[in-house]
Protein chains: 2
Amino acid sequence: MAAAKDKDVEKEILREATRLFAARGLEATSLQEVADAVGVKKQSLLYHYAGKDALHRAVLEALLSRWNETLPLLLRAAAREDRFDAILDETIGFFVEDPSRARLLLREALDRPDTMRALVAEFVSPWLAVLSDSIKKAQGLGTIRPDVDPESYIVMVIHLVLGNVATAGTVSSIAEKTRGSRVPDRIVREIKRMARTALMADATEGRRAAE
Amino acid sequence: MAAAKDKDVEKEILREATRLFAARGLEATSLQEVADAVGVKKQSLLYHYAGKDALHRAVLEALLSRWNETLPLLLRAAAREDRFDAILDETIGFFVEDPSRARLLLREALDRPDTMRALVAEFVSPWLAVLSDSIKKAQGLGTIRPDVDPESYIVMVIHLVLGNVATAGTVSSIAEKTRGSRVPDRIVREIKRMARTALMADATEGRRAAE
DNA sequence: CCTACCGATCGGTAGG
DNA sequence: CCTACCGATCGGTAGG
């Protein structure tokens, strides 16, 4: 029975550490705070995770392994006719489902650029190559604007999603009086509209219809 | 002579605090580190700034007062024919000139959402209203896409600029093997292209010319 | 009385 | 998982 309870505590530590690291940052969060949030002693936390670095690594690994789980969904979405909308929906959904993910990644990029670069190379590059090729092929067919720089465009969309989700209710409080940390619908709509318009060659259809 | 030297030290403290708070965050930076970077004792730093909070406030005030200085430039840019390109250029320039500005604001949004909301309300809302009205008028004239949500669109552009400048060489290392903290030219170009294409009704001209 | 500091140390807390 | 602790460093302040 102790083993099952240990696992529960271990997962609870990971949950609370994720939440606190995302909310305040790694260096601004003490192990004592994490232990208090779980309801155990700091020294018990150190039994499950060797130290702060180990806990930090475990938090990032949990996030990235969840991301790898959604990759099949992304690939399935990529097979659909409206593939770019579908991929964007899946990506937005992943971060909206738990905004801590966006905050953790943005903090990692700010606090430890070199670590982040390594994570990007390992977890983003694979599907970046696929997506980028797909954009280039569509440019050849004329369905995607020829002036799009595929790699840079993907960087833009990542920043739109991460930035808006991570700072939900702060920068976006310009447009919406949302108190909580949810991303307002009109912000999500504008992310999608902007991503689509800046990409698709026939994106002016909405304008023509409105005339 | 002592008075002139005091001002120098005080400005140097502000410079180094800005750099360190932007690079590591407020709570992860000790007053000792700031003092060491300046080359004075921590206690001398505490003579010039009553405490860490006072230093933090001074750093934000310096940033925001510099921003207010560039507002006339923005308004002058807004009078030009190509006003949206010009305003975007001025805004990108402000943050590229000192990437610490983007990092500080992004960290403030992550670390202290309520403080950030207040800063946004005070320093962004004024020109947001002007810009937003200008977009709505242009929508009436048909020069700007009718499906643009003006306020949300401006939030998007802010996130593109802040995110790309703050994490330069990290997320954007996908597209460019830039080691330093400079924003790669192709990233800046894609920010401008995306902002323009998603806004202007005649943004497909580039495509037509390429056909 | 004030300025621009210094060496030393305050009470608490950090990660381990 | 807890009790009993450590070397060090935190932001801030004492007298001079």
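In what follows, chains carry the letters A, B, and so on, assigned in the order in which the sequence lines appear, proteins first and then strands, with residues in each chain numbered from 1.
Considering only side-chain N and O atoms, B:H48 lies under 4.0 angstrom from the phosphate OP1 or OP2 of C:dC5.
Of the candidates C:dC5, D:dC2, C:dC6, the closest approach to any side-chain atom of A:S44 belongs to D:dC2.
A side-chain hydrogen bond (donor to acceptor under 3.5 Å, both in side chains) check over residues 13-23 of chain A, counting only residues at least two apart or in different chains, returns the pairs A:E16-A:R19.
Side-chain atoms of B:R107 come within 3.5 Å of backbone N or O of B:A22 as a donor-acceptor pair.
Taking atom CG on B:L45 and atom P on D:dT13, their separation rounds to 13 Å, with Å as the unit. Atom pair B:D8:CG and C:dT3:P shows a separation of 18 Å (rounding to whole Å applied). Whole-Å rounding puts the A:D36 CG to D:dC2 C1' distance at 14 Å.
Going from the P atom of C:dG16 to that of D:dA4 covers 22 Å, rounded to whole Å. For C:dG12 and D:dA8, the C1' atoms lie 13 Å apart once the distance is rounded to whole Å.
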Anything under 3.5 Å between a protein N or O and an N or O of nucleotides 9-12 of chain D, put it in a table, one pair a line.
| from | atom 1 | to | atom 2 | distance (Å) |
| --- | --- | --- | --- | --- |
| D:dC10 | OP1 | B:S30 | OG | 3.4 |
| D:dG11 | OP1 | B:T29 | O | 3.3 |
| D:dG11 | OP1 | B:K52 | NZ | 2.9 |
| D:dG11 | OP2 | B:L31 | N | 3.1 |
| D:dG11 | N7 | B:K42 | NZ | 2.9 |
| D:dG12 | OP2 | B:K52 | N | 2.7 |
| D:dG12 | N7 | B:K42 | NZ | 3.2 |
| D:dG12 | O6 | B:K42 | NZ | 2.7 |

For residues 84-95 of chain A, which side-chain N or O atoms pair as donor and acceptor with protein atoms under 3.5 Å away, sequence neighbours left out?
| from | atom 1 | to | atom 2 | distance (Å) |
| --- | --- | --- | --- | --- |
| A:D89 | OD1 | A:K192 | NZ | 2.8 |
| A:T91 | OG1 | A:I87 | O | 2.9 |

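Legend: residues meeting side chain to side chain contact (heavy atoms under 4.5 Å, CB included) with A:A62, ordered by chain and number and at least two apart, are A:L14. A:K136 pairs by the side chain to side chain contact (heavy atoms under 4.5 Å, CB included) definition with A:S132, A:Q139, A:P150, A:E151, not counting sequence neighbours. Scored by the side chain to side chain contact (heavy atoms under 4.5 Å, CB included) test, B:A138 finds B:T143, B:I144 as partners (sequence neighbours excluded). Among residues two or more places apart in sequence or in another chain, the side chain to side chain contact (heavy atoms under 4.5 Å, CB included) test is passed with B:K42 by B:L31, B:Q32, B:A35, B:L46. Looking at residues two or more places apart in sequence or on another chain, you find no side chain to side chain donor-acceptor pair (under 3.5 Å) involving B:E27.
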Base-pairing string, 5' to 3', of DNA chain C - Watson-Crick or wobble, under 3.5 Å, | interstrand: .....|.|.|..|.||
